[in-house]
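The structure appears right after this line, and notes come after that.
Just so it is clear: chains get the letters A, B, ... in the order the sequence lines come, proteins before strands, and each one is counted from 1.
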There are 2 protein chains.
Amino acid sequence: MDNYVKVKFDKIDRKILEILQANAKITNAQLSKDIGLSPAPTLERVKKLEQSGIIKSYHAKLDPEKIGLGVSTFVLVGLVGHNKANIEAFMKEIDQISEVIECHHITGTGDFILKIISKDITSYQKLMLEKVSEIKEVDSMQSMVILSTFKDSKVLPIPA
Amino acid sequence: MDNYVKVKFDKIDRKILEILQANAKITNAQLSKDIGLSPAPTLERVKKLEQSGIIKSYHAKLDPEKIGLGVSTFVLVGLVGHNKANIEAFMKEIDQISEVIECHHITGTGDFILKIISKDITSYQKLMLEKVSEIKEVDSMQSMVILSTFKDSKVLPIPA
DNA sequence: GAATTTACCGAATTATATGCGGTGCAAATT
DNA sequence: AATTTGCACCGCATATAATTCGGTAAATTC
């Protein structure tokens, strides 16, 4: 198991990462200007960051409301048991529900926290009743409806 | 105040949005093949989606552990009061803390839920003690540490 | 301090995005 | 039903950007 692969990156790489997190569509030419290198080594650095897995992927961020997704929620889910088989079965079901865009195993109040996005309250309720609560490993559920989102940064604070 | 601008998009646009959410780095040529159009109208559609605000921005997704960010948490925050001034003051402070990457106003258990990412438990504790709990509008805090993340999809389920 | 590796630059090449004129289809108008 | 109008599309030409390559300087190793 080779997780935790330590990867090295310097001050310039950090700046590249900050810029690409905030704006992945920047041209290599502009990026090179911003970091004070010429295009060639800039591109080289970006490729290395991608190959090393520091940069995992690139994504377009959409406006949920403009595509008809008006309701976002967090749901605390308690499972009936905590054994590996149960958790894996739960995950397998969750994976197939596209409205569940995040699923984290947590300490504290619940066992899992989900982030769910759906059209409206009605379709949210339907989703919860017909899909999530139907998963047999699910014991308890507690919903927190997002009234408004004040901050949704895609930029991680890279430690010095 | 023109929020909630209804924007139209068809089946082809939907496919474009799905693809760009999953992979923003795809070339226009490849995207055009995937959706079955030639490059010119494909690009036209993407530009329109950007101009209409359906596509808000593009971001690189990093591997938190590889950049030394080992601890992610959700924090339920209760405020001392719910009036507008209080909430705004709270938000202003939260905005300045780069480790807080999300902040949502919610119904249910707490008033707000934050997503926080930091180096380790020590720096997390420091952050909470010295920054978050120092905000005078903050009354209660309840932390949920993420043990592992099973799903973190950047693809929203676009309603039909 | 010599050898080796690494990171950089500038310029040529290749790939990609972009702009434009023309065409066909669908919907609206008469 | 025929005509008109307006889109959305295509192919091609052009512009822009990414990528490759050979050479050089700086940093690292021995």
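Note on ring orientation: taking the six-membered ring where Trp is involved, the planes of B:Phe112 and B:Phe90 are tilted (angle from 30° to 60°).
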(request) Check the pair A:Lys115, B:Glu102 against salt bridge (charged side-chain N to carboxylate O under 4.0 Å, His left out), reporting the backbone distance first and the verdict last. (result) CA-CA 12 Å; A:Lys115 189 174 192 176; B:Glu102 292 183 31; 3.0 Å; yes

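Within residues 10-25 of chain A, no residue is approached by DNA chain D to less than 4.0 Å at the level of any non-hydrogen atom.
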For residues 71-87 of chain B, please give each side-chain donor-acceptor pair under 3.5 Å, one per line with the distance, not counting sequence neighbours.
| from | atom 1 | to | atom 2 | distance (Å) |
| --- | --- | --- | --- | --- |
| B:Thr73 | OG1 | B:Tyr124 | OH | 3.4 |
| B:His82 | NE2 | B:Asp111 | OD1 | 3.2 |
| B:His82 | NE2 | B:Asp111 | OD2 | 3.3 |
| B:Asn83 | OD1 | B:Ala85 | N | 3.4 |
| B:Asn83 | OD1 | B:Asn86 | N | 2.9 |

Considering only distance and modelled atom types, tabulate donor-acceptor pairs under 3.5 Å from the side chains of residues 27-39 of chain A, sequence neighbours left out.
| from | atom 1 | to | atom 2 | distance (Å) |
| --- | --- | --- | --- | --- |
| A:Thr27 | OG1 | A:Gln30 | N | 3.1 |
| A:Asn28 | ND2 | A:Pro39 | O | 3.1 |
| A:Gln30 | NE2 | A:Asp34 | OD1 | 2.8 |
| A:Ser32 | OG | A:Asn28 | O | 3.4 |
| A:Ser32 | OG | A:Ala29 | O | 2.6 |

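Between the side chain of B:Asp13 and the main chain of B:Asp10, a donor-acceptor pair closer than 3.5 Å is present. In this structure a side-chain-to-backbone donor-acceptor pair under 3.5 Å is present from A:Lys151 to B:Asp95.
Here the range on DNA chain D touched by chain B, meaning any atom under 4.0 Å from one of its heavy atoms, is D:dA8 to D:dG11.
Taking the centre of each ring, A:Tyr58 and B:Tyr58 stay at or above the 6.0 Å mark.
Side-chain contact between A:Ile55 and A:Gln21 is absent, with no heavy atoms from C-beta onward closer than 4.5 Å.
Computed from coordinates, the A:Ile35 CD1 to C:dA7 C1' distance equals 12 Å when rounded to whole Å.
The distance from atom CG of B:Leu49 to atom CG of A:Asp63, rounded to the nearest 0.5 Å, is 12.0 Å.
Identified under the salt bridge (Lys or Arg N to Asp or Glu O under 4.0 Å) test for residues 125-135 of chain A, with sequence neighbours left out: A:Lys126-A:Glu130.
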Please list each protein N or O that sits under 3.5 Å from an N or O in nucleotides 15-25 of chain C, with the distance.
| from | atom 1 | to | atom 2 | distance (Å) |
| --- | --- | --- | --- | --- |
| C:dA17 | OP1 | B:Asn28 | N | 2.7 |
| C:dA17 | OP2 | B:Asn28 | N | 3.0 |
| C:dA17 | OP2 | B:Ala29 | N | 3.2 |

